[in-house]
Protein chains: 4
Amino acid sequence: MAVMTKEAVLKEYRIRELMEAARRVIGRHGFEGTTIDRVAEEAHVAKGTIYLYFSNKEDLLHAAVFEGLRSMIDETRRSDRTDLPPLERLRAFVKGQFEIQSSNQDFLKAFFLESKFVTFEPGDERGEALRSLYTEHLDFVATILDSAVRAHLFRSIDPQFCAYMLTEMMTGCLRRRLLGLVETPIREDAELVLDLFLRGTVATHGA
Amino acid sequence: MAVMTKEAVLKEYRIRELMEAARRVIGRHGFEGTTIDRVAEEAHVAKGTIYLYFSNKEDLLHAAVFEGLRSMIDETRRSDRTDLPPLERLRAFVKGQFEIQSSNQDFLKAFFLESKFVTFEPGDERGEALRSLYTEHLDFVATILDSAVRAHLFRSIDPQFCAYMLTEMMTGCLRRRLLGLVETPIREDAELVLDLFLRGTVATHGA
Amino acid sequence: MAVMTKEAVLKEYRIRELMEAARRVIGRHGFEGTTIDRVAEEAHVAKGTIYLYFSNKEDLLHAAVFEGLRSMIDETRRSDRTDLPPLERLRAFVKGQFEIQSSNQDFLKAFFLESKFVTFEPGDERGEALRSLYTEHLDFVATILDSAVRAHLFRSIDPQFCAYMLTEMMTGCLRRRLLGLVETPIREDAELVLDLFLRGTVATHGA
Amino acid sequence: MAVMTKEAVLKEYRIRELMEAARRVIGRHGFEGTTIDRVAEEAHVAKGTIYLYFSNKEDLLHAAVFEGLRSMIDETRRSDRTDLPPLERLRAFVKGQFEIQSSNQDFLKAFFLESKFVTFEPGDERGEALRSLYTEHLDFVATILDSAVRAHLFRSIDPQFCAYMLTEMMTGCLRRRLLGLVETPIREDAELVLDLFLRGTVATHGA
DNA sequence: GATGAATGAGCGTTCATTCAT
DNA sequence: AATGAATGAACGCTCATTCAT
């Protein structure tokens, strides 16, 4: 167990608070509308205080976004039902994702619709960090799909590609709502996505 | 035919030029990096001139984005192969979409990864315009899918939903490249997307 | 003759105005107390305007200092009495220097007592520019001294070194006033400096 | 002997330590680059501690500068060779000054090239303190010169004025190096300065 | 109509100073 | 007495917008 001094605990707490405030501001005003002033006000802290914990605005926003995504991904991982047979495990995963996404709507709204944090040039440390976070998540999804392939429950598909497509389908469902294209509760899409992803669209005549 | 005065023609021409310049700047510098100065320079026009044709920066950028998307969608519409049987028509559509997307990468990069133009509050006129542009496009895609359903080539799916999912899968493929997650040419994804969309992932035992 | 457009003339005029305002602010508040806001106010111009003519604060201040010194040095050069015999020429030069210095007291006060503009690292372009401006001035002074050496009016001294010392003695006299060490009018020092510089302190017994 | 409580001794010790740390930081980073943070770090002390011993930054820096100069002047006084005949005494003084200056280059660099501590308004207590420190030093130098005058070794010069000029010549030599105008070791200038100060520049024909 | 010089609100950041512990 | 986290005024700089020419 990591032993922490009281100061270190407090510091970590402050950092977390600031990142949460940043995420709230991002959710409310978008990335473009997120200023140090607003984050400071949201965190009930003076402007200068932020610079005691983050070296600049970009650092703060990156950390806030990164941690936001990481906690969502961690939650996904934790709720993986490896005990279930592959298809049930996949269904549980998809349902879980929809749950997680719908509890993080505000933050994801800005992230999906405006994020410029993944556009960093190749070689940029922060961009790479986000990319690899995402890549690891995709690898995890691919693992689930691969287990279905190995069990001959899936035809011989490319798990990486399909993991990415499945993810896009799910985030797409959220995006559809965030854009105001539909108003039905997002959870209802889970079954539709699963159905499409599993069975496709083509009729199987004479099956 | 609408009769236009010489002035109106000139005005329309200027507007078009400015929007094109804006789109080039967006493609090159992203939304955040798009300043009135840069657009003016790109359009070989003085800064103040822009304000003769657009009431402010947001107006210009919205119009530029709107027109950019509209021309892509128009092109899609024009190349619709209603003469082909539904599945072939769909294949042609998907291939066409990948072509169109890959010829507009720079602009779409900014649009997908950074755009905040779709986040406008409900009631915002410009947001509504973009929304309905997109909705119409989805309706068009749904029409294609519906023709397959009616021909009993597709099982009984929700064409609207599937149209949205198909669109997300395609834009997802572009996004994957823009994020630097894969480096293969985007056109190669067309068949993969079609295959997944049509057949799903589940093995059809005993078929 | 250089032909200038009306715009170029105006631009040069503005630049000159801004540099003069900067010099006045420097004279009044010192370098440390010179802010862009104050210069803008002094020049009756908005803050942003300064950045149309200078790329940043350092640029402005350097230019202001450089031009301030250059015009003093130019004036010195212009009033050089090459027509007089060496010692008379030197006397005229010293008197002239005292005049010039006393008409630029405010600016020189900051420059002598606070200047950090000559401390730039070797290789820094602006520091070099100032250094070579000063070096050229010293060379000019050395020329005068050298003419006296060649005429055997001076003993065999090092003109470069003595030029520097003479300059220091003169600026020292100004500094003495700026520091408030003495209050007599600075012009009175001219003869004293000349006397010391020419004859030294040692008594010439039996002469 | 002044009797001091243990606390007073400690306090004095702390004050001295802080001033020394300040001087080191000034020498390393210049006045502009001297922050309370840096001084605190250099003194291995918390930021707030400084304010227990100095009421503000200006106080600290002034005290540090004052003490720095005072110790140099004290050293000068201590090494005065009253036992030697006037001209030898003066020669020893000049040599000693060059020694002292060259062992305090870092600090003097900042002081000569950047200091604004002497520009304080008339009436300012700190400015006055520095002024009178300097005046006393000049008086001391004048004493030496006066002894030469009285011994008829010097012609009838103004000892105060010449003391100031001699001082300026010596600091000028250091300044010349700090500005990077020459690179020769500073001690070599001692003889040149003495020669010029004593004999002046004019040839003494037929003497 | 077209220009581009001028504007000034607003931003990110620094740092001397305070004060609860 | 000593700390250092917290503060917020002040700075340099950007850029959308205006308006006299």
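Basis for what follows: all heavy atoms, side chains included, without hydrogens, waters or symmetry-related copies. This one's a predicted model, so the numbers in the text were calculated from it and none came from an experiment.
- A residue-by-residue look at G48(C) and S55(A) shows that G48(C) has its nearest nucleotide of DNA chain E further toward the 5' end.
- Considering CG of L130(A) and CD of E125(A), their distance stands at 11.5 Å, rounded to 0.5 Å.
- What separates CG of N56(A) from C1' of dC13(F) is a distance of 16 Å, to the nearest Å.
- Separating the NE2 atom of H29(C) from the P atom of dA10(F) is a distance of 14 Å, rounded to the nearest angstrom.
- Heavy-atom nearest nucleotides on DNA chain E were determined for T49(B) and for K57(D), and the one closer to the 5' end corresponds to T49(B).
- Nucleic acid contact for R14(D): sugar-phosphate only, since backbone atoms but no base atoms lie under 4.0 Å from a heavy atom of the residue.
- Of all nucleotides present, none satisfies the Watson-Crick or G-U wobble test against dA1(F) with each distance under 3.5 Å.
- Nucleotide dA2(F) holds its P atom 10 Å from the NZ atom of K11(D), rounded to whole Å.
- In this structure, CG of D37(C) is placed 9 Å from C1' of dG12(F), rounded to the nearest angstrom.
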Intermediate values then yes/no, salt bridge (charged side-chain N to carboxylate O under 4.0 Å, His left out), D59(C) and R126(C): CA-CA 9 Å; D59(C) 249 36; R126(C) 289 185 284 232; 2.5 Å; yes
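- Checking dA2(F), dA16(F), dA10(F) against the side-chain heavy atoms of K47(A) singles out dA10(F) as nearest.
- When DNA chain E is scanned 5' to 3' for any atom under 4.0 Å from a heavy atom of chain D, the first and last hits are dA16(E) to dT18(E).
- In this structure, CG of L52(C) is placed 14 Å from C1' of dA16(F), rounded to the nearest angstrom.
- dC15(F) atom C1' lies 13 Å from atom OH of Y51(C), rounded to whole Å.
- The 12-atom threshold is not exceeded at CZ of R16(B), counting heavy atoms of other residues, nucleotides or ligands nearer than 6.0 Å.
- At the heavy-atom level, F54(A) lies nowhere under 4.0 Å from the strands shown.
- Applying the salt bridge (charged side-chain N to carboxylate O under 4.0 Å, His left out) rule to E67(B) yields the partners R70(B); only residues at least two apart in sequence or on another chain are considered.
- Base pairing annotation: dC15(F) forms a Watson-Crick or G-U wobble pair with dG8(E), both donor-acceptor distances under 3.5 Å.
- No donor-acceptor distance shorter than 3.5 angstrom exists from the side chain of R23(B) to the backbone of F107(B), with no hydrogens or angles considered.
- L60(B) is not listed as a side-chain neighbour of Y53(B), based on a closest heavy-atom distance of 4.5 Å or more.
- Note: E41(D) CD to D37(D) CG = 8.0 Å, rounded to the nearest 0.5 Å.
- Between L10(D) and T34(B), it is L10(D) whose nearest contact on DNA chain F lies nearer the 5' terminus.
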